[in-house]
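Scope of the values below: all heavy atoms of this structure, side chains included, with no hydrogens, waters or symmetry mates. Lettering of chains follows the sequences in order, A, B, ..., and the numbering in each one begins at 1. Keep in mind that what you see is a predicted model, and the values were worked out from it rather than measured.
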Amino acid sequence: MSEARYAIGVDLGTTNCALSYVDLAASEGESGQQHTLPVAQLTGPGAVEECSLLPSFLYLPHPDEMAPGDLVLPWGAQPDFIVGELARDRGAQTPIRLISSAKSWLCHAGVDRRAAILPAEAPEDVPHSSPLDASIRYLEHLRDAWNHDHPDAPLGEQELTLTIPASFDPAARELTAEAARATGYDRLTVLEEPQAALYSWIQSSEGAWREQVQVGDLILVVDVGGGTTDLSLIAVVEQDGNLELHRIAVGEHILLGGDNMDLALAHVIAGKLAAQGTQLDTWQIRALTHGCRAAKELLLVASDQDAVPLVVPSRGSRLIGGSIRTELTQEEVTATLVEGFFPQVEAGARPVSRPRTGLTQLGLPYAQDAAITRHLAAFLTRQIGATADLAGIGAPAANASFLHPTAILFNGGVFKSAMLVERIMDILNGWLTAEGAPAARRLEGADLDLAVARGAAYYGYVRRGGGVRIRGGTAQAYYVGVESALPAVPGIAPPVQALCVAPFGMEEGSATDLPPQEFGLVVGEPVRFRFFGSSVRRQDQVGTRLDQWTAEEIQELGEIELTLPADTRTPGEIVPVKLHAAVSEAGTLRLEAIPREGDERWQVEFDVRS
Amino acid sequence: MTQPRPSLAARISLAISVFWRIIIKPEFALGVFRLRQGAEVERAEPAAKPAALLQETGPAAALQLLGLLQRDGRFIDFIEEDVAGFSDTEIGAAARVVHEGCRKVMREHFTLESVRGEAEGARLTLEPGFDAASLRLTGNVVGDPPFNGTLTHKGWTATEIRLPKLAVGHDVNILAPAEVEL
């Protein structure tokens, strides 16, 4: 394979994808030559435009819906599906044929992510696709757009970095990597989005970042995308006289983002109109949501403005006679967004959770508490011990009830609003002041929409020795559930122990030692294990057994499955195996079963049909 | 009869003018057709008429822009509606939709700049040889340049146009398809 000419970063987002690249030959030191690929896509039937973002929407049109030739793309393909701007536009009017938020489905352990389950709740004769396939479609589109623009440097031969939420579990990470491999992205690395945002900040500072942070700094990255909120902590430490960055903790997966905010506002306005006797239909609600997004941005920037007029256009051609006029007031924005999503809470606040009803399996597990500040408080409190073993930082003061960040980097389009940025800064600094800690400062200068793709491309460049790297490894320790050998008690399930199979902070390309414990597996029969992860237990080593734990410490992930093929052994035979963990160069976790004798290895499946 | 070979620029300009004449003049097209067939060129034609100085502009781009203005800004709906019976408040409300959408279309597909950088109302002097295409003289237009005058409108120029590419065979006459909800 020929030498890569570009380092390419792909942000496969919940609502938008972007591709950024660095020309490796033209870059030196910490200044990479950065570009964003204008992605050619359908913006109307038969009309192709280049946009910097590719909306992550897949529309499956009815065979009679489009005229022949209306779906032709610049590279000659005429697929029977639509990706991008036109898909989003069409889907707004025909939601039963639209697949959106495929990425959120990809990390939903409650469904089979390879099964054609999307669009959820669509009638049966609508073609369906799996979360994995939808992700592949977006990656293929980006690949084709790239190859059309760079016929001499095909994407498969470049250094590729794909971003994922820091909170993705091993199964979702592996599925993302699988989607990339299926698209022919061979030289692949996965990178956590908050890290990518920080890389982008480092790059845009052109070397000056060393003056903006110092040893002992603890950077909190708050990344609120269209559909997810991602929190990470990155420590600045010193190693051999050089500044080093360590990603020390990541938050839980929170399905909550900017789209929820626009929708919340639209429902407030729709409620106001309903009180005046005007009922809006779903088409009008969507138009209203769109209007709210623009009005919100105006009000959040100019706090002296009391209200912004909002017009819900008529659906028919009578625009003047049929439109509904209303307004969005500063008060409504403050009450709904600022108080609803960023309420002033104490550092000891926790997200409110309601018991789930049995039907939530059908949809995405959206965050139950919309208050991002409560999620933030819970994250910082849970991670209070994250720096205890870190030279140069150490444990926080004895009176501290949460981990004290010293700097914040914001990412995501939501933070184009200075008011929301200030709100989070105020609340966090309030918590810090109450515990006698210095206020955190804001790191500025990253592009809120494209930082992740840019940072990813820059990372591909950094990996080749071009600049500072963030170290971190896996952000969780992983455990399998084993039944403890106790006498059976009728009616009581045997207690489960958690056996650590992969410790915290495993770096790319590393593997664990073999644990002492063996499992007897039956050849030819699939065996399932319960699988757990902990983002706080940093000390556990391979082989550590836990008898009890709190839900705060250890979370149950989806089940994992292992099948010993019967090709070399007799079915029914019991083989003693040990579980062995490794992190691939691409950054995905791999669990293998290794028998006591012989050099066979069997791969453990993370993504199990539920 | 020997003539110097025409330059590339001359050949391009010839090709364009010939293209239009083939389209417009069937007799001319017949002559070109015969020439391609290898027939003897008739030289009896009197000195060629000056190349056509007027051109048709292609309708595709205009229709495409109208379609975009309608899609994002409801432009045709607004213009086609009779405003006489509505109050200014009602028209104003609709105008917001039109303004926001049309502005988005303009920003996305054109880069516009002022022809003159001076503030409107500023005094300026036009030296001889100024570009009459980008400056329109009004009022007391007599004498020879340099002209002294006041800038009444700063003008607009499109420095970049980024219209969507269209699929071959796409019907641009449909500015907005009729919508049927099933």
Side-chain angles (χ1 to χ4, degrees), chain A residues 38 40-52 62 64-74 76-78 85-86 89-90 93-94 96-97 123 148 281-283 287-288 290-291 293-295 298 308-327, chain B residues 60-61 63-105 108-109 160-182:
Chain A
Q41 56 194 285
L42 288 163
T43 55
V48 171
E49 269 181 275
E50 293 184 336
C51 316
S52 60
H62 188 276
D64 296 332
E65 204 177 327
M66 295 282 171
D70 267 355
L71 299 185
V72 72
L73 290 164
Q78 281 201 56
E85 195 72 45
L86 179 62
D89 193 51
R90 279 285 157 145
Q93 293 163 40
T94 309
I96 55 163
R97 292 184 167 270
H148 185 67
D281 62 21
T282 46
W283 187 90
L288 183 63
H290 187 77
R293 184 172 305 147
L298 272 178
V308 170
L310 261 183
V311 179
V312 185
S314 68
R315 196 158 180 194
S317 69
R318 290 183 59 245
L319 180 67
I320 307 175
S323 294
I324 300 159
R325 188 181 181 283
T326 178
E327 58 178 21
Chain B
L63 292 169
Q64 191 187 7
L65 179 59
L66 266 181
L68 288 170
L69 290 172
Q70 163 66 17
R71 188 187 73 188
D72 290 342
R74 307 289 296 271
F75 181 72
I76 302 174
D77 290 343
F78 185 66
I79 299 300
E80 286 298 309
E81 200 163 358
D82 182 9
V83 296
F86 296 108
S87 71
D88 284 3
T89 320
E90 288 168 311
I91 297 172
R96 282 190 187 280
V97 176
V98 179
H99 179 264
E100 189 194 323
C102 292
R103 173 182 258 213
K104 175 170 166 273
V105 171
E108 270 176 18
H109 300 98
E160 226 183 297
I161 303 172
R162 300 171 293 269
L163 283 172
K165 293 192 185 101
L166 287 179
V168 178
H170 180 74
D171 186 358
V172 283
N173 290 306
I174 307 295
L175 301 174
E179 288 181 24
V180 183
E181 175 122 351
L182 303 183

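Contact tally against chain B (heavy-atom pairs below 4.5 Å) for A:Ala47, A:Gly69, A:Pro74: the top residue is A:Ala47. Listed options B:Glu108, B:Glu179, B:Lys165 were ranked by heavy-atom pairs under 4.5 angstrom with chain A; first place goes to B:Lys165. Between chain B and the residues A:Gly321, A:Gly44, A:Gly46, the most heavy-atom pairs under 4.5 angstrom are made by A:Gly46. With respect to chain B, the highest number of heavy-atom pairs below 4.5 Å among A:Thr43, A:Thr94, A:Ile324, A:Leu42 belongs to A:Thr43. With chain A as partner, the option from B:Gln64, B:Arg96, B:Glu90 having the largest number of non-hydrogen pairs under 4.5 angstrom is B:Arg96. When the candidates B:Glu80, B:His109, B:Glu100 are compared by the number of heavy-atom contacts under 4.5 Å with chain A, B:His109 comes out ahead. Chain B forms more heavy-atom pairs under 4.5 Å with one residue of A:Pro309, A:Ser323, A:Pro68 than with any other, namely A:Pro309. Note on A:Pro45, A:Cys51, A:Ala40: by heavy-atom pairs under 4.5 Å with chain B, the leading option is A:Pro45.
Counting all heavy atoms, side chain and backbone alike, B:Ala167 lies closest to A:Val72 at CB-CG1, 3.4 Å. Looking at every heavy atom in both residues, B:Val98 comes nearest to A:Leu319 through CG2-CD2, 3.6 Å. Closest approach of B:Asp77 to A:Gly316, counting heavy atoms only: OD2-O, 4.2 Å. The two residues A:Arg325 and B:Ala93 make their nearest non-hydrogen contact at CD-CB, 3.5 Å. Of all the heavy atoms in B:Arg74 and A:Pro313, the pair that sits closest is NH1-CB, 3.5 Å.
Note that NE2 of A:His62 is 8.5 Å distant from CG of B:Leu182, once rounded to the nearest 0.5 Å.
Both the backbone and the side chain of A:Ser314 come within less than 4.5 Å of a heavy atom of chain B. For B:Arg71, the part sitting under 4.5 Å from any heavy atom of chain A is the side chain, from C-beta outward, and nothing else. With a 4.5 Å cut-off on non-hydrogen atoms, A:Ala67 does not touch chain B at all. With a 4.5 angstrom heavy-atom cutoff, B:Phe78 touches chain A via backbone and side-chain atoms both.
Counting non-hydrogen atoms of other residues, nucleotides and ligands closer than 6.0 Å to CG of B:Asp88 gives a total of 12 or fewer. For CZ of B:Arg162, the number of neighbouring non-hydrogen atoms (other residues, nucleotides, ligands) closer than 6.0 Å is greater than 12.
Here the side chains of A:Arg318 and B:Glu81 are in contact, with some heavy-atom distance below 4.5 Å.
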